[in-house]
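Here the structure comes first, spelled out in structure tokens, and everything after it is commentary.
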Protein chains: 2
Amino acid sequence: MTTTSTERGSVADAIRALVVTREFQPGDRLAEADLAARLDVSRTPVREALRQLAADGMVEHVPNKGARVVALSPAELEHVFELRARVEGTAASAAAVGATGAELDRLDELAEEIARHGLPGPDQALDRVYGCNADFHLLLAESSRSSVIAASVRQLFHTAATVRTYQGFDEASVRRSVAHHREIVAALRARDGEWARSTMHSHLANARAALLGPRPVAHSHDTVDAPRDDGADDPAPTRPPS
Amino acid sequence: MTTTSTERGSVADAIRALVVTREFQPGDRLAEADLAARLDVSRTPVREALRQLAADGMVEHVPNKGARVVALSPAELEHVFELRARVEGTAASAAAVGATGAELDRLDELAEEIARHGLPGPDQALDRVYGCNADFHLLLAESSRSSVIAASVRQLFHTAATVRTYQGFDEASVRRSVAHHREIVAALRARDGEWARSTMHSHLANARAALLGPRPVAHSHDTVDAPRDDGADDPAPTRPPS
DNA sequence: CTCCTGACTATTGCATGCACTTTACTGTTC
DNA sequence: GAACAGTAAAGTGCATGCAATAGTCAGGAG
């Protein structure tokens with residue numbers, strides 16, 4: 001059932017997978033000995049991976065107290081989407097210049113796979129969308145030909161690893177999202193960086209709205225500081241008291 | 001001579017300091033045993049710190065081959081400044097809402113200290129500016145009240161740890177930069193997020209120009225792909241062949 | 001002279017063991 | 001019954017040792 005060994009994949013990836021599959025939920029402690037036993041390695045590589053994940057923002061590390069899966073508040077999720085829009089928009093713009101033909105072909109494949117597994121139909125499999133979506137966004141970042149951009153995208157993407165793609169999306173949001181992936185590749189093929197950037201902005205605004213609901217209106221007299229989160233059936237991402 | 005022990009400060013910070021002081025230059029190998037001896041700890045915490053720094057983007061880690069200080073090409077430095085402008089602009093905007101009085105006071109102090117050590121005069125000490133500037137930008141990021149924003153700012157800032165603040169800046173650029181720090185705090189005190197954001201944009205555009213020279217003009221017939229870097233006397237940041 | 005092959009060295013990757021900190025429990029005292 | 005102290009258990013932090021891999025150099029064949 002669970003992959004019983006690390007199998008040449010890094011320990012950090014294995015732990016990320018455990019978080020993505022909700023085996024560890026936001027706020028859960030990540031005990032080193034426990035992870036070491038699960039992944040069938042010693043505590044040493046586990047500790048290294050946890051430090052790495054902590055720097056990535058997926059895990060919170062407190063000295064002498066261990067690591068926990070980060071629990072993002074709705075306000076912080078808003079920030080994740082804002083930063084992703086800006087950073088991945090830049091990535092898309094740079095990828096319009098730098099992407100190779102092979103990368104564009106692979107992005108096409110991934111966009112189609114996301115469509116197959118995301119849209120209603122015989123092949124729908126929402127639990128398989130997360131991986132394809134991750135591959136799409138991270139490959140796009142690589143296509144920017146900039147290690148700096150790629151690292152920033154990776155960090156932000158992994159920070160939101162607990163947000164499962166398309167889970168809780170309404171169908172219209174899913175259709176828009178699927179269309180965005182295809183359109184981004186079209187923009188890249190046209191070598192139009194601004195087209196790619198703005199489509200990426202739309203893509204992430206759509207995801208934000210599907211997960212978090214309408215944006216809070218600053219000068220309204222109700223719910224000034226608390227963004228809505230209807231539409232998302234995630235467990236309330238309340239931050240554990242530090 | 002060198003700080004002979006880690007003294008309660010984390011090993012990662014100690015290694016960062018070695019890079020900032022140019023004891024290790026971009027492209028240099030970071031051998032675990034060597035660092036362990038220098039910092040008077042065993043290889044284990046050194047390895048953990050290197051993984052962390054690799055996730056932060058300051059160090060490049062190749063399996064079975066060890067870690068090297070990242071050498072950023074001029075094109076990647078351009079990307080660092082673009083992303084910093086977008087991400088730290090967002091941080092400044094959020095800090096205008098969230099910064100506490102104590103944080104604003106500390107930012108004021110840091111801005112003044114940067115002025116004292118950066119501007120010509122009896123207290124000028126360019127080598128001390130880096131630390132103050134780092135404190136300023138990282139504290140500003142903390143003031144955003146968002147761990148996500150803070151982590152992104154940290155990552156981008158540390159990625160460019162090899163760029164020494166104000167070294168090679170002409171005097172006009174230094175004066176602008178000093179004024180920017182003060183103006184940003186003024187904008188935060190006015191709780192004006194857009195003011196803070198745009199001043200931060202100017203601040204980083206100024207730093208970019210001082211270090212990298214005029215931006216390449218896309219549709220010019222000369223130097224299309226190679227950004228100028230006159231004005232910076234840094235050693236040519238050529239990327240080692242991978 | 002060049003290229004290939006082999007062993008040797010240096011360095012990384014990982015497992016294990018011990019010391020110290022934190023936490024939870026239990027027994028005692030007010 | 002509640003609060004506190006002392007102790008035991010659990011878990012992290014770090015050092016050390018061994019196995020495995022990459023890099024280096026010497027030797028020999030073409």
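Being a predicted model, the structure only gives us computed values, none of them experimental. The chains referred to below are lettered A, B, ... by the order of the sequence lines, with proteins before strands, and numbering in each begins at 1.
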Quiz prompt | Identified side-chain contact (heavy atoms from CB on, under 4.5 Å) counterpart of B/D135 within the set B/I114, B/L107, B/L110, B/L140 | solution = B/L110
Quiz item: Got a donor-acceptor contact below 3.5 angstrom from the B/S143 side chain to the B/L139 backbone?
Solution: yes
Practice problem: For the residue pair A/H181 and A/H137, categorise the inter-ring angle as parallel (less than 30°), tilted (30 to 60°) or perpendicular (more than 60°). | Solution: perpendicular
Self-check item: Contact state string [nucleotides 14-20 of chain C, B base, S sugar-phosphate only, - no protein heavy atom under 4.0 Å]
Solution: SBBB---
Self-check item: Listed partners of B/E103 passing salt bridge (charged side-chain N to carboxylate O under 4.0 Å, His left out), at least two apart
Solution: B/R145
Exercise. Go through A/R154 and A/E142 one step at a time and tell me if the salt bridge (Lys or Arg N to Asp or Glu O under 4.0 Å) criterion holds.
Key: CA-CA 10 Å; A/R154 249 199 317 273; A/E142 289 291 329; 3.5 Å; yes
Which protein N or O atoms sit under 3.5 Å from an N or O of nucleotides 6-11 of chain D?
from	atom 1	to	atom 2	distance (Å)
D/dG11	O3'	A/R29	NH2	3.4

Quiz prompt | End-to-end axis angle, where each axis spans five pairs of the helix from C/dC1-D/dG30 to C/dC30-D/dG1, to 10° | solution = 20°
Practice problem: Sequence neighbours left out, what passes salt bridge (charged side-chain N to carboxylate O under 4.0 Å, His left out) with B/D28? Give chain and number order. | Solution: none
Self-check item: Test salt bridge (Lys or Arg N to Asp or Glu O under 4.0 Å) applied to A/E60 and A/R68, step by step
Solution: CA-CA 5 Å; A/E60 203 172 7; A/R68 314 181 80 87; over 6 Å; no
Quiz item: Would you find a donor on one side and an acceptor on the other, under 3.5 Å apart, between the side chain of A/R38 and the backbone of A/L18?
Solution: no
Quiz item: How about B/H117 and B/D127: does a side-chain donor come under 3.5 Å of a side-chain acceptor?
Solution: no
Practice problem: May I have the distance from A/D34 (atom CG) to D/dT12 (atom C1'), rounded to whole angstrom? | Solution: 14 Å
Quiz item: Is B/D56 paired with B/R16 through a side-chain N to carboxylate O contact shorter than 4.0 Å?
Solution: yes
Quiz item: For C/dG13, does either OP1 or OP2 sit under 4.0 Å from a side-chain N or O belonging to B/H61?
Solution: yes
Self-check item: Whether over 12 other heavy atoms sit under 6.0 Å from A/R116 CZ
Solution: yes
Quiz prompt | Sidechain N-carboxylate O distance under 4.0 Å for A/D105, A/R189 | solution = yes
Quiz prompt | CA sep, side-chain torsions, deciding dist, call: A/R106, A/E109, salt bridge (Lys or Arg N to Asp or Glu O under 4.0 Å) | solution = CA-CA 5 Å; A/R106 179 76 186 124; A/E109 286 175 25; 2.8 Å; yes
Produce the list of close N/O pairs, under 3.5 Å, pairing protein atoms with atoms of nucleotides 7-10 of chain C; give distances to one decimal.
none

